[in-house]
Amino acid sequence: GCYLLDGLIETSRGIAKRGTSRPVIVAIDTEGPELSGRDHGTVREALRSSGAAFHAVVVGNPVNNSNDRLMVLSLGTRETGGRNDNVLTGNALTERLKRVAAELTHQYRVTYARPRTLIPPEEVTVSGTNPKLTVRGTPVKEPRESR
């Protein structure tokens with residue numbers, strides 16, 4: 001069994017305390033039951049509040065008895081701007097992690113700013129003209145105003 005959900009909450013709390021500028025969580029998950037007693041909403045909220053991009057690589061058949069873990073792997077990665085990959089055997093893990101590392105080292109930070117007097121947009125869309133590129137957004141918490 002594993003404690004992925006507990007680990008994600010603890011890691012998210014640590015990232016939030018440190019206040020890193022571009023945090024990333026990369027998790028390697030395997031088959032087996034989820035032994036954490038956490039629900040997916042709590043874990044996804046911890047990920048969002050940390051500001052970290054969550055990437056997951058699942059080794060083997062992703063079917064398990066934990067709907068909460070499946071929800072975190074699918075929605076948690078998408079909501080934080082990460083990716084959810086599946087490899088069938090451990091032999092393919094090295095190559096997939098190299099792809100994740102290449103993606104992380106070839107990212108651009110795009111800053112969107114707007115005047116404070118306007119009504120804030122409900123969503124911001126970022127796209128690219130090159131069809132070979134993948135565009136994902138990681139929500140960033142607004143900095144606190146100085147008083």
Side-chain angles (χ1 to χ4, degrees), residues 1-114 120-128 130-146:
C2 70
Y3 292 92
L4 176 67
L5 303 184
D6 280 339
L8 289 173
I9 287 180
E10 294 300 320
T11 304
S12 296
R13 288 179 182 162
I15 287 171
K17 285 181 185 176
R18 287 180 186 83
T20 57
S21 62
R22 293 184 71 184
V24 175
I25 298 173
V26 178
I28 301 171
D29 190 28
T30 59
E31 299 177 65
E34 177 65 43
L35 300 177
S36 301
R38 308 296 184 136
D39 67 287
H40 69 90
T42 304
V43 179
R44 289 170 43 216
E45 179 55 38
L47 287 169
R48 280 191 299 268
S49 65
S50 73
F54 172 48
H55 300 266
V57 179
V58 180
V59 180
N61 188 357
V63 176
N64 61 58
N65 294 331
S66 174
N67 289 333
D68 288 313
R69 184 165 73 182
L70 291 175
M71 294 290 286
V72 169
L73 290 174
S74 65
L75 294 178
T77 53
R78 190 175 324 137
E79 292 170 347
T80 62
R83 62 188 286 165
N84 181 12
D85 289 330
N86 187 29
V87 294
L88 297 179
T89 66
N91 295 336
L93 183 61
T94 302
E95 186 60 36
R96 190 56 55 102
L97 288 175
K98 286 180 181 178
R99 286 187 195 172
V100 172
E103 180 179 320
L104 293 175
T105 57
H106 292 88
Q107 291 182 343
Y108 294 94
R109 182 175 195 153
V110 177
T111 304
Y112 170 77
R114 61 172 174 75
E122 292 186 18
E123 66 180 45
V124 176
T125 304
V126 178
S127 62
N130 186 342
K132 294 181 180 180
L133 296 178
T134 300
V135 179
R136 285 194 218 73
T138 304
V140 178
K141 294 185 281 185
E142 291 187 28
R144 294 181 181 169
E145 294 181 30
S146 58

Quiz prompt | Donor-acceptor contact present, side-chain H55 to main-chain R83, <3.5 Å | solution =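 Checked: pair present.
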Measure across [X] and [Y] and return the closest heavy-atom pair with its distance rounded to 0.1 Å.
| X | Y | result |
| --- | --- | --- |
| S12 | L47 | OG-CD2, 3.5 Å |
| G7 | T11 | O-OG1, 2.7 Å |
| N86 | G60 | OD1-O, 2.9 Å |

Practice problem: Apply side chain to side chain contact (heavy atoms under 4.5 Å, CB included) to S36 and list each qualifying residue two or more places apart in sequence or on a separate chain. | Solution: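 Per chain and number, S36 pairs via side chain to side chain contact (heavy atoms under 4.5 Å, CB included) with Y3, L5, D6, E34, R38.
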Under 4.5 Å between any side-chain heavy atoms of [X] and [Y], yes or no?
| X | Y | value |
| --- | --- | --- |
| V43 | D68 | no |
| T30 | C2 | no |
| H40 | V72 | yes |
| R18 | P23 | no |
| F54 | N84 | no |
| I15 | I25 | yes |

[atom1]-[atom2] distance between [X] and [Y], expressed to the nearest 0.5 angstrom:
| X | Y | atom1 | atom2 | value |
| --- | --- | --- | --- | --- |
| L88 | L93 | CG | CG | 12.0 Å |
| L70 | D29 | CG | CG | 9.0 Å |
| L73 | D85 | CG | CG | 11.0 Å |
| E79 | S74 | CD | OG | 8.5 Å |
| E45 | S50 | CD | OG | 10.0 Å |
| L4 | I9 | CG | CD1 | 10.0 Å |

Self-check item: Summary of side chain to side chain donor-acceptor pair (under 3.5 Å) pairs that have at least one residue in residues 89-102, sequence neighbours excluded
Solution: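 Qualifying pairs: none.
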